[in-house]
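Structure, as C-alpha cells:
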There are 2 protein chains.
Amino acid sequence: MKFGLRHIRHFAAVAEDLHYRKAAERMNIAQPVLTRSVQHLEKELGVVLFDRTNRSVSLTSAGKVFLQGCQVTLATMEGLVSQTLKTHSGEAGHLRIGYTDFAISGELPKILKSFRQLYPDISVEPLHGVTSSQLDLIKKDKLDFGFVTGPISHEDLETKTVQEDNYVAILYDNHPLAKRSSVLLSELANEDFVLGSPSAWQHFHDHLHRICRAAGFVPKMVQHAFNSEGIFGLVACEMGISIHTSCAENYLRKGLIFKKIRDVSDTIKTISIWRNDPAFPARKAFADFLKQYPVGATQQ
Amino acid sequence: MKFGLRHIRHFAAVAEDLHYRKAAERMNIAQPVLTRSVQHLEKELGVVLFDRTNRSVSLTSAGKVFLQGCQVTLATMEGLVSQTLKTHSGEAGHLRIGYTDFAISGELPKILKSFRQLYPDISVEPLHGVTSSQLDLIKKDKLDFGFVTGPISHEDLETKTVQEDNYVAILYDNHPLAKRSSVLLSELANEDFVLGSPSAWQHFHDHLHRICRAAGFVPKMVQHAFNSEGIFGLVACEMGISIHTSCAENYLRKGLIFKKIRDVSDTIKTISIWRNDPAFPARKAFADFLKQYPVGATQQ
DNA sequence: TGTAATTGATACGGAATTGATATCATGAAA
DNA sequence: TTTCATGATATCAATTCCGTATCAATTACA
C-alpha cells in the first residue's frame, strides 16, 4: 500500500471520465502521467482497476469499489482541510460553557443564540454549575467559559460583566404584601425566607446578608432548596418568601408574585469568566464576542 | 492542498507519539523526514499544527482537528484497500438474486445462509420474480442470478439444478380424499382446480398440463391466484383443490392437506441460472458455490 | 557550574518519483 | 488502404524524498 493522494486523484479522474486524454486535459497534466499512476496503483494493489478492452476504458468491479472509496476519501480530505483552517481561524471549534441559574434565565440564551449566528461552526456545550464549581473546572481546564455570579476577580482569568439584575421579593399571591406595587426591604424583616442552600449559593448569600444587614435585620431562613426552581416551588407552597434577582421574571411560576424592592439599589452581576489562552482560537472568538456584548439588565 | 498520504501518515505518527524520534523509530524512517513532512503540511495548510514550546511537542486546536481527520482518512484507506482486494478476489461484493415461490420455499434460504457463512462480505439482495421476468433481467444484466423453474437451457447462460420437487395434491381438510394417505392423479380428473395465473406460472402450467394429459384429463381451472400464498388461501376457502410441488410443505397452512401423487414420477426442477461473466468475481464465487451444491429434494 | 544527553531543525548528496515530449501499437473510421 | 484516435512506452529533466551528519537549544546530572 505505497501510493499517495496524487495517484488516487489521477485514478479518480480517469475513472470519472473513462478517458485518459480527457482526464489528463481536465487535470492539466500530460496523458502518460495518468497511465503510470493507474499502473502504479494496480501494481501496488495487485488488482486490475480498468478493463482496457478495444479502445474503450471501463471499471472492473474492484475498480468501482475503489473509485467510490477514493471519492469519499478525497471529499473527506477537502472537508478536513477546510475544517482545520476554520479551527485555526477560530471560525470552528467547540466550547464548554458553564452557567448558573441566573445566567440561563437571563442573558445567556440570547448571548449563545447571537454568537451561534455569527459562528455557526462552533458548537457549544452548556453545563450547569454553581459559581465555585465552574471556577474549579476552568482552573482544571475542563471548562472554556463560566457564567457565574459576581463579583469575581481572579488573576490569570479574564472577565466581562454580561448581566446586571436588581433584587426582587418573591411572594405567594395571597401574602399580605402581594397587592403592593413595590416593597421596602425593611418590611420583610420578620418574614420567613426560603433560599438556596448556603454551600451552593454562597455568593448570593453573601450579597443578600449584606443588604439585609444594611436594612437592619438578618433574614430568617426556614427552608432551603438547591436551585431556583426549588425555591419557587417552596414559596408557592407558602413555606416562606424569598429574595431573588429580576431575571426570575422569566420563570413566571403560577401563584408567585415578584415585587420590586424600592430601597435596594445594589445589583447582582452575572459575569463571564475564562482563561485567556491564545492557543484556542474558538475561545478567543467567543471572548472577543463577549467583550463587545452590551451588559444586559432585566430591570423591573 | 498539495500533500500526500505520506505526509498525513507522518503527521499522525508524530501527533500520536508527541515525539519525533520515537515516531520515526516506530515508522522505521529517519527523524528529519518527519520534521520536513510536518513543516510541509503546516506550510501548505498555512496552519501551525504543533506547539513546539520548550522541548515538548503538543497539538494545537487545529492540529487536533486535523489529526482526527487524518486518522479517519487513514483507517478509511486501509478499509478501502482491503475491500478492493476482497472485491477482486470475489470475497466481497453484491449479488442481486431472483427467486420464485418454489425456490424461496425450498432450497434457496439454505443456499443463501450457507453461502453467506462462507462469504460474509458478499451482500445479497433477493428479488422476487417469476421465471420469465428473471430471465429478462439477467439478459439485461439487472440480475446476477435467477432461481427459476426449469427446464431451461439458454446459450450464454450457465445453469445448475438446485432443487427437485415431486408434485403433490393440495386438498382442504374435509375433502373426500383428505383421509387417504396418497392419491392417484387420475382420481383428480373431475376436481375444480385453483392454480397460478397462466401468464406468471407459465412453466408450471406447461408441466401440469403435460402430466394431466398423460393421466387422461385436462384440469378444470375455476380460479387463479398470483402466488402460492394466494392459491393456498383459495384452497383453504374450498374453492377447489390444487397441485403444487412438495416444497409447499414448508407453508403448512392450517386447513390444508398435502397428498403425495403415487402415479406421477415427474419432478419439478428449480434451477439457478446466471451469465458466465468472469469480470464479476462475486458472481464467480457464487457460481462456483452453486456448482458444488448438492441438489436438494423435498421428498414427501 | 559544567558536561553529557536529549530533542527537534537544518544542510547536503544520492535515490526515487514525477512530469513533459516524442513515439509506438492497436483498433476504428473513412 | 489510409487516417485518426487512444492508451502504452521510452527517455530526459525537474522535483521530491530519504538518510547521514550536524547544529542549537534545553534538560539532566554530577
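Note that the structure is predicted; figures quoted are calculated from it, not measured. For the numbers below, each heavy atom of this structure counts, side chains included, while hydrogens, waters and symmetry mates do not.
A salt bridge links A:Lys110 with A:Glu107; the closest basic N to acidic carboxylate O contact falls under 4.0 Å. Between B:Asp136 and B:Lys140 no salt bridge is recorded (no basic side-chain N to carboxylate O distance below 4.0 Å). Under the 4.0 Å criterion applied to side-chain N and carboxylate O atoms, B:Arg26 and B:Asp17 are assigned as salt-bridge partners. Salt-bridge formation is not detected for the pair A:Asp144/A:Lys284: no Lys NZ or Arg NE/NH1/NH2 atom is positioned less than 4.0 Å from an Asp or Glu carboxylate oxygen.
Taking the six-membered ring where tryptophan is involved, the planes of A:Phe3 and A:Phe66 are perpendicular, since the angle between them exceeds 60° and thus also 30°.
Taking only side-chain nitrogens and oxygens, A:Thr35 comes nearer than 4.0 Å to OP1 or OP2 of D:dA8. For the pair A:Arg6 and C:dG19, the criterion of a side-chain N or O lying under 4.0 Å from OP1 or OP2 is met.
When all heavy atoms of B:Thr149 and B:His207 are compared, the closest pair comes out as CG2-CE1, 4.2 Å.
Within residues 7-25 of chain B, the residues that have a heavy atom under 4.0 Å from DNA chain C are, in order of number, B:His19, B:Tyr20, B:Arg21.
In this entry the distance linking NZ of A:Lys2 with P of D:dC17 reads 12 Å, nearest Å. Between the CG atom of A:Leu41 and the P atom of C:dT17 there is a distance of 14 Å, rounded to whole Å. Taking atom CD on A:Gln31 and atom C1' on D:dA8, their separation rounds to 7 Å, with Å as the unit. Between the CZ atom of A:Arg52 and the P atom of C:dC24 there is a distance of 22 Å, rounded to whole Å. Per the geometry, CD1 belonging to B:Ile29 stands 13 Å off P belonging to C:dG8, to the nearest Å. With rounding to whole Å, A:His40 atom NE2 is found 12 Å from C:dG19 atom P. Nucleotide D:dC17 holds its P atom 12 Å from the CG atom of A:Leu5, rounded to whole Å. Straight-line distance from the CG atom of A:Leu34 to the C1' atom of C:dT21: 15 Å, rounded to whole Å.
No N or O donor and acceptor, one from the side chain of A:Gln39 and one from the base of D:dA8, sit under 3.5 Å apart. Residue side chain B:Arg36 does not reach the base of C:dG8 through any donor-acceptor N/O pair under 3.5 Å, judged by distance alone.
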- List the steps and the verdict of side-chain contact (heavy atoms from CB on, under 4.5 Å) for B:Arg52 and B:Val38. CA-CA 12 Å; B:Arg52 293 98 151 165; B:Val38 173; 3.5 Å; yes
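Considering only side-chain atoms of A:Val33, the nucleotide from C:dA20, D:dT9, D:dG19 that sits closest is C:dA20.
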